[in-house]
Amino acid sequence: MKKKLIAGNWKMNGNLAANQALLEGVLSGLPESACHVAVCVPSAYLAQVQGMLAGKGIDLGSQDVSAHEQGAYTGEVSAAMLKDFGVRYAIVGHSERRQYHGETDALVATKAQRALSAGITPIVCVGETLAQREAGQTEDVVKRQLAAVIHTNGHCISEIVVAYEPVWAIGTGKTASPEQAQAVHAVLRAQLKAASDHAERIHILYGGSMNAANAAELLAQTDIDGGLIGGAALKSADFLTIIGAASR
Ligand code: PEP
């Protein structure tokens, strides 16, 4: 069985002092044979966190990457720049970027491509809104979102990580039940299998109010290979409990 991956998404939270305290707490309790662990931090703190994590067994991630290689794109951060800071993972297509920044499936696919070509693993987020779930469209939505990424990156699709994040569960305290999450993960796994002979090795993470209390049950599902953790990644004790549940 492959090692699970637990990735924290700090979103737009933190400051120099808080980041240091949070990481010191996580590093001091990290189990010896931990699962893969990463923290996806605001760009402004990549250098700080890179320095603190060097050789410590936690990988560095970003929360986005530009779809452009370089040039006149004010405010954007390129994949090559992220690579300069030792970034291993880049979240792409988070629902907050789709919702607040109008990111389309095609743009998300290009961002994944930029990350891959710089040697960064994209964590591709897919997920349905509450209205889409209630309309019975969950499967269609997540398959459409993933299909765009497969279409653009088919040749190296086994190098991506997928995160199923139902929008209605993000930051709301409402979690998909283990059965609901597993059902969608199975759909995504089948889609990846149709695109790649190596789909079994792709990590499919669950994200959406995963916390210290519900992580073990979610992580026990066959096709749940880890978690993308928002709020609970900002508290070292909770993040460590989730890492512990994924390291068994
Ligand atoms: C996220 O932002 O990716 C996320 C899963 O957030 P939360 O855990 O807070 O729902």
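Both ligands and their constituent atoms are indexed starting at 1 by order of listing. Note that these values count all heavy atoms, side chains included, but never hydrogens, waters or copies made by symmetry. Keep in mind that what you see is a predicted model, and the values were worked out from it rather than measured.
- At a 4.0 Å heavy-atom cut-off, the residues surrounding ligand 1 are N9, K11, H94, E165, A169, I170, G171, G207, G208, S209, L228, I229, G230, G231, listed by chain and number.
- For the residue pair Q132 / T129, a side-chain donor-acceptor distance below 3.5 Å is found, with atom types taken as modelled.
- A donor-acceptor pair is defined here as one N or O able to donate and one able to accept, closer than 3.5 Å; such a pair exists between the side chain of N13 and the backbone of W10.
- Of all the heavy atoms in L218 and P178, the pair that sits closest is CD2-CA, 3.9 Å.
- Taking both residues in full, the closest heavy atoms of C40 and S62 are given as CB-O, 3.6 Å, listed atom of the first, atom of the second, then distance.
- Residues W168 and E128 bring a donor and an acceptor atom of their side chains to less than 3.5 Å of each other.
- A heavy-atom distance below 4.5 Å is not found between the side chains of V77 and V65.
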